[in-house]
There are 2 protein chains.
Amino acid sequence: MRITMEDVASRAGVSRALVSLAYRDRPGVSTETRDRILSAGRELGYVPNRVAARLASRGGNTLGVFLQDLHNDLFADLFEGSRTVADGAGKQLMLGVGALDGGRDAEVLETLAQSWVDVVIAFGLQMPDAEVREMAERVPLVCVLRGVADIDSVVSDNRHGARAATRHLIELGHREIAFLANPPSDGYMDRRHGYAETMTAAGLRPRVVETTYSRETAAADAGALLDAGDPPTAIFAHNDQAAMGVLDALFRRGLTPGREVSVVGYDNSSPSKVPGVALTSVDVDGVALGRSAAELALRRIASPMAPAEWRTSFPTLMVRTTTGPPLP
Amino acid sequence: MRITMEDVASRAGVSRALVSLAYRDRPGVSTETRDRILSAGRELGYVPNRVAARLASRGGNTLGVFLQDLHNDLFADLFEGSRTVADGAGKQLMLGVGALDGGRDAEVLETLAQSWVDVVIAFGLQMPDAEVREMAERVPLVCVLRGVADIDSVVSDNRHGARAATRHLIELGHREIAFLANPPSDGYMDRRHGYAETMTAAGLRPRVVETTYSRETAAADAGALLDAGDPPTAIFAHNDQAAMGVLDALFRRGLTPGREVSVVGYDNSSPSKVPGVALTSVDVDGVALGRSAAELALRRIASPMAPAEWRTSFPTLMVRTTTGPPLP
DNA sequence: TTGTATGCGTTATCAT
DNA sequence: ATGATAACGCATACAA
């Protein structure tokens, strides 16, 4: 049987209420009995029960956090940012991890909602807007990296980032620039649009090839692109993971990124920072986004009925070694 | 006020107990009333309360998971492995994230313990053995990447891995091989030992330089090593993160890894897989370790009194492009 | 199949 | 400062 407050109380010769106060060191307990209680607890090996505590105190004081994928360290930055402000506000965090293909979004969000969290901060949801909105009726939601109308959202302007990346390639002299796009079903279309409109504005032909979030698939799709007639001289990938796949495809063919073919990624995640083949990438400043998200979450707790707030930040292009002028 | 089972029950014209059964679709509810209950719940916007549910069902059915650092995707693999078997066994996972310097280990473990989890799977603890053992008296613990006597542990043989890495460098012809070591305080000494003994056995002088888990510090420490008289021709870093720092230091000095200086990392994390400067690294197979850990956790639940079990696996060296013969 | 009653371990309220 | 007692929302034996 598990040791409860009751046991500690009787061992220390006091009431349960005092034990409770003592363990949360709240005023109303003399220093002497407090010590007696704590040492009684220690002797018994008492471990306070947070589940019961949360029930008794009517839940709350906890933020739910959904992370799309632990393999992408952008999410580590996002989490770090949120944790900083959560710590400052004395809020606990409860984590849920999704899957690369979005297949666990609903399930994880549901668990978080049922866990009596005040708000769920969702980093990188992929489920349809309609479902997101549906979820938001069950728990307050802060959507990050993904803007959803009428829902608190923290987004980085993907269109802006994609424009900058595309412009960079055009300015280097590239004319055949392909975009390796994420699946259109997940709601992230701005990078594609930013790319396409910049190409069109420059009088160039947009070439969109759809791929997935997996490095392997991206390598295969990029490979097909390279092997076909009229290969592009530059490839802009929807994120770094896909860009790694592009690099794989290049190296497999003996091509050097930044020379025969330029490559740009998106997210500025850790693999892009490897020296040598340092990937030119768009930096979204995950830590800042994470902080913003947590701030919105706190605001939502403070005023549950406030109208939804959107925060938009602007990413910056990090030019590294995988982009250069096209060969003559 | 929050909507409870009571509300749903009265709306559906049944008792609380039936609502409970219906929502967990357990036998004992006619299909007809089940539907009535669920739609009543939907109309009211009822969200089941897991906190209360866990209290009522005496906790359990949950594994705690401690992750040292989300920025290192080895932990993503470990988590993935554990999640696979947890899913298979119908166990929930509750996550806690530590800090790079181990400064949050105790606090996070404490939270997990108080959350009524059956076992805590700890990936990459850094706190002293004594404290680990102390924690293990409060919650069953499965220690991963770190072996602790008398405690369920899943480890990769670091000594073995370090030997393989060092041997690889020696066989390439290197004689001045430095080891960039983690802080000695965190309990991970086997890589250092494996390195040192292999060097000594080959009649070479071990050169250990202590650094931290941060890439920047590693870059600085490696830089100092390179700038001093008698620089090594190869550097073996205690993990990939530190190895990235070494690469930074090399590139800053115009040196090419695998040519002027060979570099080996440890963990085979994603940055090491970037083509071009692909880092030679020791692969620990995180997914397999994560699976093993979860299996041990389940075993511990099944037989709480069983003696502690250790599982050891053997890492493999992944030779890539950052290692080569020393220049003549 | 359905309803009733009790308990889970804690916090909060109200006495003393 | 300390103690008694009622929630908290649900699961679960048990009765009907």
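Sequence lines set the chain letters: A, B, ... in the order given, protein chains first and strands last, and positions in each chain run from 1. Remember, it's a predicted structure, so these values are computed and weren't measured experimentally.
Among the protein residues, A:V51 comes within range of no part of the nucleic acid, since none of its heavy atoms lies under 4.0 Å from any strand.
Residue A:I151 comes nearest to A:W310 through the heavy atom pair O-NE1, 3.2 Å, listed as atom of the first residue, atom of the second, then distance. Minimum interatomic distance between A:L289 and A:S156 (heavy atoms only, all atoms of both residues): CD1-CB, 4.2 Å.
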In sequence, state the C-alpha distance, the side-chain angles, and the governing distance for B:L70 and A:D73, and then conclude on side chain to side chain contact (heavy atoms under 4.5 Å, CB included).
CA-CA 7 Å; B:L70 295 186; A:D73 81 330; over 6 Å; no
Test A:R104 against A:D69 for salt bridge (Lys or Arg N to Asp or Glu O under 4.0 Å), laying out the working first.
CA-CA 11 Å; A:R104 302 184 79 125; A:D69 172 35; over 6 Å; no
Audit row: A:M5, A:N49, side chain to side chain contact (heavy atoms under 4.5 Å, CB included) steps and yes/no
CA-CA 9 Å; A:M5 257 188 184; A:N49 187 327; over 6 Å; no
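The closest side-chain heavy-atom distance from B:P183 to B:Y188 is not below 4.5 Å.
Rounded to a whole Å, the CH2 atom of A:W116 is 9 Å from the P atom of D:dC8. Straight-line distance from the CZ atom of A:R36 to the C1' atom of D:dT2: 11 Å, rounded to whole Å. The separation between B:E32 atom CD and C:dT2 atom C1' is 13 Å, rounded to whole Å. Separating the CZ atom of B:R2 from the P atom of D:dG9 is a distance of 8 Å, rounded to the nearest angstrom.
Side chain to side chain, A:H71 and B:E80 meet the donor-acceptor criterion of an N or O pair below 3.5 Å.
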Protein-nucleic acid N or O pairs under 3.5 Å, nucleotides 10-13 of chain C:
{"unit_1": "C:dT10", "atom_1": "OP1", "unit_2": "A:Y46", "atom_2": "OH", "d": "2.5"}
{"unit_1": "C:dT10", "atom_1": "OP1", "unit_2": "A:N49", "atom_2": "N", "d": "3.2"}
{"unit_1": "C:dT10", "atom_1": "OP2", "unit_2": "A:M5", "atom_2": "N", "d": "2.6"}
{"unit_1": "C:dT10", "atom_1": "O4", "unit_2": "A:R16", "atom_2": "NH2", "d": "3.0"}
{"unit_1": "C:dT11", "atom_1": "OP2", "unit_2": "A:S20", "atom_2": "OG", "d": "2.4"}
{"unit_1": "C:dT11", "atom_1": "O4", "unit_2": "A:R16", "atom_2": "NH2", "d": "3.2"}
{"unit_1": "C:dA12", "atom_1": "OP2", "unit_2": "A:R24", "atom_2": "NH1", "d": "3.1"}

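In terms of the side chain to side chain donor-acceptor pair (under 3.5 Å) criterion, residue partners of B:S20 (sequence neighbours excluded) are, by chain and number, B:R24.
Listed candidates were D:dT2, C:dT2, D:dG9. Nearest to the side chain of B:S30 is C:dT2.
For the helix from C:dT1-D:dA16 to C:dT16-D:dA1, the end axes, each set by the C1' atoms of five terminal pairs, are bent relative to each other by 30° (nearest 10°).
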